[in-house]
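Taking it in order: structure first as structure tokens, then the write-up.
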Amino acid sequence: MTAQIIDGKAFAAGLRARITTEVAAMADRGITPGLAVVLVGEDPASQVYVRSKHRQTVEVGMNSFEHRLPAETDQKTLLDLIAQLNADPAVNGILVQLPLPAHLDEALVINAIAAEKDVDGFHILNVGRLATGQKAMVPCTPLGCLMMLREQLGSLSGKNAVVIGRSNIVGKPMAQLLLRDSATVTVAHSRTADLPAVVRGADIVVAAVGRPNFVQGDWIKPGATVIDVGINRTDDGLVGDVDFAAASQVAGAITPVPGGVGPMTIACLLANTLTATARANGLPDPEGLTP
Ligand code: NDP
């Protein structure tokens, strides 16, 4: 069996096209969504992400506000900037690029963002709202995975799903979203006993481990849908957490790396910014962009 390749790049392009249309419709009402991105320091990977976010924000017709602060910025200066962005009606979404330099308290900074502008979905209120089934801002990467799974499978109800990884930014919110869609969810991690056996029972596998080619082809249940979140830089280039060559012989559908989950993440950031803008203006949530 050869798996269908889930084309995240094409899916993300479609999503951005839809967002562009919605942004144009908002412009007719005199509303332009605005996304503020705060980058502290000069981490090269973060600089690449911030550039990409800026370009795509402008391309869909939103306003992009970039704030670059030196690595030695103190906490008060950063918190003051966040307070200013919270109060600015032109700013609908605020994203503080992580990781922050070690002297800054990441949790404190994230929780200082107004929850309704927290387009990364990391604020403690949004985490709690997602966990309790309330209207939340949902973390971008798991939201993108959910959209691709729904598109691929239709209903997720009753499916056995295994999420490998329990981070706050991917694994845990992914598990919450799958649960919300009535999948039966197992969250695996580094202490999980007999991981291959756990994965073999899964109709849906989401791998968010951060280890190149970690999930083996013979762990995959024939016909399963495999979402590979991993981004690992190796001598052979960018590879995922799943041994793609082997897994794609067994799975029913699989995301490639690159070109799978990655492109969906920024598209979902724009989707969240649109949702935040709609909510700020008393408009209904744009359809299909929230869980
Ligand atoms: P973290 O390092 O925060 O979490 C990794 C998780 O994997 C942990 O829960 C850890 O378990 C688990 N793990 C580690 N080793 C094993 C093992 N041997 N067996 C089972 N589980 C294991 O990573 P993130 O969640 O932040 O990211 C995961 C991957 O996704 C990375 O490659 C990252 O680059 C990528 N990523 C991609 C994004 C995208 O846009 N496509 C966005 C965000 C991340 P434990 O908790 O027990 O230590």
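Atoms within a ligand are numbered from 1 in the order they appear, just like the ligands themselves. It should be emphasised that the depicted structure is a prediction, and the values quoted were computed from it without experimental measurement.
- Residue nearest to atom 16 (C) of ligand 1, selected from Val209, Val261, Ile169: Val209 (by heavy-atom distance).
- Taking a cut-off of under 4.0 Å to the non-hydrogen atoms of Val170, the atoms of ligand 1 that pass are 25 (O), 43 (C), 44 (C).
- Met148 pairs with exactly one of Val261, Asp7, Leu153 by the side chain to side chain contact (heavy atoms under 4.5 Å, CB included) rule, that one being Val261.
- Applying the 4.0 Å criterion to heavy atoms of Asn232 picks out, from ligand 1, the atoms 32 (O).
- Across the listed options Gly210, Pro139, Pro258, Gly240, Gly210 owns the non-hydrogen atom lying nearest to atom 29 (C) of ligand 1.
- Atom 20 (C) of ligand 1 has as its closest protein heavy atom His189 O, 3.1 Å.
- Here the heavy atom of the protein found nearest to atom 34 (O) of ligand 1 is Ile231 O, 3.5 Å.
- Residues meeting the ring-ring contact (aromatic ring centres under 6.0 Å, His included) test with Phe214, sequence neighbours left out: Trp219.
- Screening residues 103-125 for side-chain hydrogen bond (donor to acceptor under 3.5 Å, both in side chains), with sequence neighbours left out, gives Asp118-Asn126.
- Counting the atoms of ligand 1 from 1 in the order shown, those under 4.0 Å from a heavy atom of Gly165 are 6 (C), 7 (O), 9 (O).
- The protein atom (non-hydrogen) at minimum distance from atom 42 (C) of ligand 1 is Thr141 OG1, 3.3 Å.
- When only non-hydrogen protein atoms are considered, atom 11 (O) of ligand 1 lies nearest to Ser190 N, 3.3 Å.
- Remark: ligand 1 and Phe214 share no N or O pair separated by less than 3.5 Å (distance only, no angle test).
- Interface atoms of ligand 1 facing Thr265, defined by a heavy-atom separation under 4.0 Å, are 39 (C), 40 (O).
- In this structure, Asp181 contributes its side chain and Leu156 its backbone to no donor-acceptor pair below 3.5 Å.
- Regarding atom 35 (C) of ligand 1, its nearest protein heavy-atom neighbour is Val229 O, 3.4 Å.
- Interface atoms of ligand 1 facing Gly262, defined by a heavy-atom separation under 4.0 Å, are 41 (N).
- Annotation for Pro212 and Asp241: closest pair N-OD1, 4.5 Å, computed over non-hydrogen atoms.
- In terms of N/O distances under 3.5 Å, ligand 1 is approached by Arg166.
- Gln47 CD: more than 12 foreign heavy atoms inside a 6.0 Å radius.
- Considering Leu146, Leu177, Val127 as possible partners of Val138, the one that fulfils the side chain to side chain contact (heavy atoms under 4.5 Å, CB included) test is Leu177.
- For ligand 1, the polar-atom distance check finds an N/O of Arg211 within less than 3.5 Å of one of the ligand's N/O atoms.
- For atom 6 (C) of ligand 1, the nearest non-hydrogen atom from the set Ser167, Gly171, Ala208 belongs to Ala208.
- Pro196 pairs with exactly one of Val198, Val199, Asp194 by the side chain to side chain contact (heavy atoms under 4.5 Å, CB included) rule, that one being Asp194.
- In Gln134, the CD atom is crowded: over 12 heavy atoms of neighbouring residues, nucleotides or ligands sit closer than 6.0 Å.
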